[in-house]
Amino acid sequence: MEYEIIPSILEVRDDAQKNLDMIKDAVKSVHIDVMDGIFVDDKTFGVDEVVELNTDLRMIVHLMTVDPHHLVPEYALAGADTIIFHVETAKDPEATIKLIKKDQCRAGISLRPGTSLEKIKPFLDDLDIVLVMTVEPGRGGQEIMPDMLLRVKELRRIAPDMDIMVDGGIDENTIRAAKEMGANMFVAGSAIFGSKKEKNPVKEIEKLRSAIE
Ligand code: ZN
């Protein structure tokens, strides 16, 4: 199983390009949170901003939006490598997975902490990635919910070969537990770009990587 640290540029979105350039040699992928102001309160990263990003990193687009199905083609065209949508907002998840794959992207599904894992089980065979929200989606800098690590464990049990991504509250202290429960893709925002102290994002990525060695 390949382990991957994936920076989220949510908190540095006003300076996204500069931050992408800083981390470009340290990681393979970047996580982009698209929020529509409806599914979650905040509004971030429309497709126009994603198109503007100039990077060779694989763009993992996390659609925290209503009606994700109709957004798939435009994000595929904008250069997404992977498109992840929420099971809560998809009218026909199977059709959306098919559409993502038809557009040559990897397909992922996500679920809020309050949504039962049962909701995504019917689609596991068709998915490349499951993104387990380890906080309530909508903003960065939150603490991880321990129950959600148990969810990761359950998911790993039923989907041994799945890429399981965790998003929310991942830092030097929590990443190891997330790995031990079965996650292999770790999204980190504040831990890499946090504003509390003067940070070197590449050093922070290395710290996270050594925490799971
Ligand atoms: Zn995300």
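By convention here, the first residue in the shown sequence is residue 1. Counting starts at 1 for both ligands and their atoms, in listed order. This structure is a prediction, so every number in the text was calculated from the model and none was measured.
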Q: List nothing but the number: protein N/O/S atoms under 2.8 Å from the Zn ion (ligand 1).
A: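 Protein N, O or S neighbours of the Zn ion (ligand 1) under 2.8 Å, waters not counted, come to 4.
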Q: Which Ile, Leu, Val, Met, Phe, Trp or Tyr residues join M185 in one cluster when any pair of side-chain heavy atoms under 4.5 Å counts as a link?
A: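 M185 shares its hydrophobic cluster with I6, I60, I84, I129, L131, M133, V135, M165, V187.
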Q: Do the charged groups of E180 and R176 touch, with an N to O distance under 4.0 Å?
A: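 Result for this pair is yes, salt bridge flagged.
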Q: Output all residues satisfying side chain to side chain contact (heavy atoms under 4.5 Å, CB included) with D41, sequence neighbours left out; order by chain, then residue number.
A: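 For D41 there are no side chain to side chain contact (heavy atoms under 4.5 Å, CB included) partners, ignoring immediate neighbours.
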Q: If you round to the nearest 0.5 Å, how far is CD1 of I100 from SG of C105?
A: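 Output value for this atom pair is 7.5 Å.
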Q: Partners of R151 by side chain to side chain donor-acceptor pair (under 3.5 Å), sequence neighbours excluded?
A: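 Here no residue qualifies.
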Q: Can you confirm whether the side chains of T82 and R106 place a donor and an acceptor under 3.5 Å from each other?
A: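 Absent: no donor and acceptor within the cut-off.
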